[in-house]
Peer 1: 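One structure coming up, written as structure tokens, with questions to follow.
We name chains A, B, ... by the order of the sequence lines, and we start the count at 1 in each one.
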Amino acid sequence: MTDEPDVPEQMRVRREKRARILASGGDPYPVGVARTHAIAEVKRTYDGVESGAETEDVVGVAGRVVFLRDTGKLVFAAIQDGEGERLQIMLSEARVGVESLAAFKADVDLGDHLFAQGVAGKSKRGEVSVFADKWAIASKALRPLPTLHKELSEESRVRQRYVDLIARPLARDTARRRAGVVRSLRESLHERGFIEIETPMLQTQAGGATARPFVTHMNAFDLDLYMRIAPELFLKRAVVGGIEKAFEINRNFRNEGADSSHSPEFSMLEAYEAYGDYDTMATMTRELIQGAATDVFGGTELELADGASYDIGGEWAALTLYGSLSEALGADVTPQTDLARLRQWCDAAEISVDPKRVSHGKLVEQLWEHHVGSTLHTPTFVRDFPVETSPLTRAHRSVPGLVEKWDLYVRGFELATAYSELVDPVIQRTRFEEQARLAAAGDEEAMRVDDDFLTAMEYAMPPAGGMGMGIDRLLMALTGLGIRDTILFPLVKPSDEAGA
RNA sequence: GCGCCUCUAGCUCAACUGGCAGAGCAGCUGACUCUUAAUCAGCGGGUUCCGGGUUCGAGUCCCGGGGGGCGUACCA
């Protein structure tokens with residue numbers, strides 16, 4: 001194994017060390033070590049010790065070696081644990097003996113997990129240290145660590161996130177912050193009496209959103225199945241059945257483009273509340289987000305990765321789709337504005353529209369996105385959408401041609417959306433049929449008629465508000481990072497060079 | 001999908017108009033009992049993403065392919 005020709009020198013050397021340890025009766029991968037203290041605990045406890053002083057407290061610590069310095073009869077090693085805390089280990093010939101120190105120098109590399117036992121104290125330079133009496137390799141690394149003083153290339157970061165997590169504090173923080181945000185959302189929803197349910201990811205037809213699905217196949221039933229594009233239609237079935245406040249935080253899959261704000265698999269929160277509407281959902285959404293910001297970032301004033309900062313506290317701005325578009329265009333746009341006029345504005349703004357999907361609603365939304373959406377940086381609710389593009393939303397209670405739907409925009413992208421849900425099964429059927437016509441005409445993202453869902457609706461769904469929010473995008477909004485940095489292991493195309 | 005940029009040692013990056021492929025860290029050998037990207041002496045390490053082509057000569061120029069980034073179009 002040590003004479004494979006293609007193995008780089010540094011890997012070859014580490015493999016030889018592993019073999020040597022085994023040959024001399026040692027164990028490069030012991031089942032455990034006698035760890036007594038976390039690194040942060042040691043640093044905290046002995047912070048008050050005088051420089052150069054040793055205590056009589058024996059501690060056992062373990063972590064990954066991230067720094068090594070051999071000064072002859074004294075060796076310094078810094079170990080790092082899962083929280084990114086570092087602790088200095090000092091190994092002196094006087095304490096461990098000539099032989100053990102020589103073995104340490106010969107066998108331990110940067111990247112190894114190391115265990116050390118000894119008294120806690122402080123070095124002459126004032127750094128909390130463990131003066132080791134004993135040491136052991138807790139796990140031998142066979143690959144060298146990257147340079148810890150330089151940023152890993154963007155590609156290496158996502159391809160080898162495990163290395164990124166070792167090397168880059170922000171990577172560790174982001175993983176923990178994401179966990180904190182998700183936890184905060186769950187707790188806030190639980191406090192409001194919501195019940196978390198899990199709905200199918202494998203579906204016989206992908207509904208609940210307009211998007212192209214991934215297709216897969218079930219062998220046992222010889223059946224083509226779709227990965228879900230949204231949990232909406234199943235969550236609503238649950239509401240019909242009496243789970244009046246239902247939510248799900250889980251993955252959706254959309255077979256579409258990938259860029260700095262789109263991932264083919266992404267996490268989404270959807271929540272439905274019987275006897276709520278799009279206004280109650282707006283309040284709840286704001287409180288969920290502000291709560292997550294407070295729980296994880298200590299408040300609603302956010303400092304972003306790109307240096308920008310903004311405050312998401314207080315009430316959020318609200319405007320209407322048609323009103324804000326009219327203002328931006330300097331002309332009245334209403335649900336009655338005809339297609340020809342909308343096309344002129346699209347041409348003027350050089351917006352190209354898929355000819356298979358041209359409708360009043362589609363053009364209005366594209367115009368709005370171009371002229372208004374990308375300019376909204378602080379959280380803003382955009383209210384009241386055209387009916388054609390919102391087949392699951394109920395008609396506006398006072399304005400004909402509109403539906404009760406809002407989109408929440410932050411930093412130029414859509415973070416969340418909510419409806420006063422359509423619960424009339426007869427209207428729902430005609431909406432589905434209209435979608436099916438679009439699909440037949442070539443619109444690959446249009447919905448299909450879901451008969452089982454319509455049957456459920458015919459048992460009567462209570463009036464309800466529903467909301468969907470992208471979890472990845474929430475992290476983006478709170479941190480300023482791109483979507484691939486908020487997802488720990490984003491999809492990457494295979495490359496022959498990655499790993500071995 | 002289209003356009004532009006990019007791929008060189010384990011990692012991060014150099015290499016002019018085509019002319020011996022280099023540095024820092026990391027590695028190996030040695031010195032040093034307070035280092036913390038230590039210092040000192042020495043030594044290794046390359047399919048320059050892959051496949052063709054032009055040329056006396058290609059990391060560099062041309063063609064094809066792959067990975068990555070940015071912009072643009074669509075979706076959240």
Peer 1: State whether A/Glu155 and A/Lys493 are salt-bridged, where the test is any N-O pair (Lys NZ or Arg NE/NH1/NH2 against Asp/Glu carboxylate O) under 4.0 Å.
Peer 2: no
Peer 1: Is it the case that over 12 heavy atoms from other parts of the model lie below 6.0 angstrom from the CZ atom of A/Phe253?
Peer 2: yes
Peer 1: Expressed in angstrom and rounded to an integer, what is the separation of A/Lys17 atom NZ from B/rG10 atom P?
Peer 2: 17 Å
Peer 1: When the P atoms of B/rC4 and B/rC61 are considered, how many whole Å apart are they?
Peer 2: 15 Å
Peer 1: Hey, does A/Asn255 reach any base, or is it just sugar-phosphate, or nothing, if we go heavy atoms under 4.0 Å?
Peer 2: nothing
Peer 1: Nearest whole Å is fine: how far is B/rC28 P from A/Gln10 CD?
Peer 2: 8 Å
Peer 1: Watson-Crick or G-U wobble partner for B/rA41, using a 3.5 Å limit on both distances?
Peer 2: B/rU29
Peer 1: With distance as the sole criterion, do the side chain of A/Glu151 and the base of B/rU12 form a donor-acceptor contact below 3.5 Å?
Peer 2: no
Peer 1: Rounding to the closest angstrom, what is the interatomic distance between B/rC49 and B/rC16 at atom P?
Peer 2: 15 Å
Peer 1: So does A/Ser156 get a side-chain nitrogen or oxygen closer than 4.0 Å to the phosphate oxygens (OP1/OP2) of B/rU12?
Peer 2: yes
Peer 1: Considering every strand shown, what is the Watson-Crick or G-U wobble mate of B/rU55 when both distances are under 3.5 Å?
Peer 2: none
Peer 1: Considering residues, nucleotides and ligands other than A/Lys105, do more than 12 of their heavy atoms fall under 6.0 Å from its NZ?
Peer 2: yes
Peer 1: Think A/Gln366 has a side-chain N or O under 4.0 angstrom from the OP1 or OP2 of B/rC74?
Peer 2: yes
Peer 1: What's the gap between B/rG30 and B/rG22 when it is taken at their C1' atoms, as a whole Å value?
Peer 2: 25 Å
Peer 1: Is any side-chain N or O of A/Ser153 closer than 4.0 Å to OP1 or OP2 of B/rU12?
Peer 2: yes
Peer 1: With nearest nucleotide decided by heavy atoms, which residue, A/Lys73 or A/His262, maps closer to the 5′ end of RNA chain B?
Peer 2: A/Lys73
Peer 1: Base, sugar-phosphate alone, or nothing: which one does A/Leu415 contact when heavy atoms must sit under 4.0 Å apart?
Peer 2: nothing
Peer 1: How far does the C1' atom of B/rC40 sit from the matching atom of B/rC32, given to the nearest Å?
Peer 2: 9 Å
Peer 1: How far, in whole Å, is B/rA14 from B/rG71 if one measures between their C1' atoms?
Peer 2: 28 Å
Peer 1: Taking any strand in view, what nucleotide pairs with B/rU36 in a Watson-Crick or G-U wobble way, both distances under 3.5 Å?
Peer 2: none
Peer 1: More than 12 foreign heavy atoms under 6.0 Å from CZ of A/Arg448: is that the case here?
Peer 2: yes
Peer 1: Within less than 4.0 Å of OP1 or OP2 of B/rU12, is there a side-chain N or O belonging to A/Lys150?
Peer 2: no
Peer 1: If you go through the side-chain atoms of A/Glu154, does one of them form a donor-acceptor pair with the base of B/rG68 closer than 3.5 Å?
Peer 2: no
Peer 1: What residue among A/Trp406, A/Tyr278, A/Tyr409 forms ring-ring contact (aromatic ring centres under 6.0 Å, His included) with A/Phe381?
Peer 2: A/Trp406
Peer 1: B/rG10, OP1 or OP2 - any side-chain N/O from A/Arg12 closer than 4.0 Å?
Peer 2: no
Peer 1: Mind checking A/Glu445 for me? I need base, sugar-phosphate or nothing, with any heavy atom below 4.0 Å counting as a touch.
Peer 2: sugar-phosphate
Peer 1: Could you tell me how far B/rA73 sits from B/rA21 if I compare only their P atoms? Round to whole Å.
Peer 2: 46 Å
Peer 1: How do A/Ala94 and A/Ala106 order along RNA chain B: which one's closest nucleotide is nearer the 5' end?
Peer 2: A/Ala106
Peer 1: In whole angstroms, how far is the P atom of B/rG45 from the CZ atom of A/Arg143?
Peer 2: 21 Å
Peer 1: Hey, does the side-chain of A/Asp259 have a donor or acceptor N/O within less than 3.5 Å of a partner on the base of B/rC70?
Peer 2: no
Peer 1: Hey, is the side chain of A/Lys493 poking within less than 4.0 Å of OP1 or OP2 on B/rG69, counting only N and O atoms?
Peer 2: no
Peer 1: Pick the P atom in B/rA58 and in B/rC70, then give their distance to the nearest Å.
Peer 2: 35 Å
Peer 1: Just checking A/Leu145: base, sugar-phosphate only, or nothing, at a heavy-atom cut-off of under 4.0 Å?
Peer 2: nothing
Peer 1: Does any nucleotide pair with B/rU72 by Watson-Crick or G-U wobble geometry, both distances under 3.5 Å, and what is it?
Peer 2: B/rG1
Peer 1: Is any side-chain N of the basic residue among A/Asp472 and A/Arg178 closer than 4.0 Å to the acidic one's carboxylate O?
Peer 2: yes
Peer 1: Using purine N1 to pyrimidine N3 plus N6-O4 or O6-N4 for Watson-Crick, or N1-O2 and O6-N3 for G-U wobble, each under 3.5 Å, what pairs with B/rG24?
Peer 2: B/rC11
Peer 1: Roughly how many Å apart are B/rG10 and B/rA26, using the C1' atom of each and rounding to a whole number?
Peer 2: 7 Å
Peer 1: I'd like to know if A/Thr147 reaches the base of B/rC11 with its side chain, counting only an N/O donor and acceptor under 3.5 Å.
Peer 2: yes
Peer 1: Check every strand shown and say whether A/Met90 touches a base, only sugar-phosphate, or nothing at a heavy-atom separation below 4.0 Å.
Peer 2: base
Peer 1: Can a salt bridge be assigned to the pair A/Glu404 and A/Arg383 using a cut-off of 4.0 Å between side-chain N and carboxylate O?
Peer 2: no
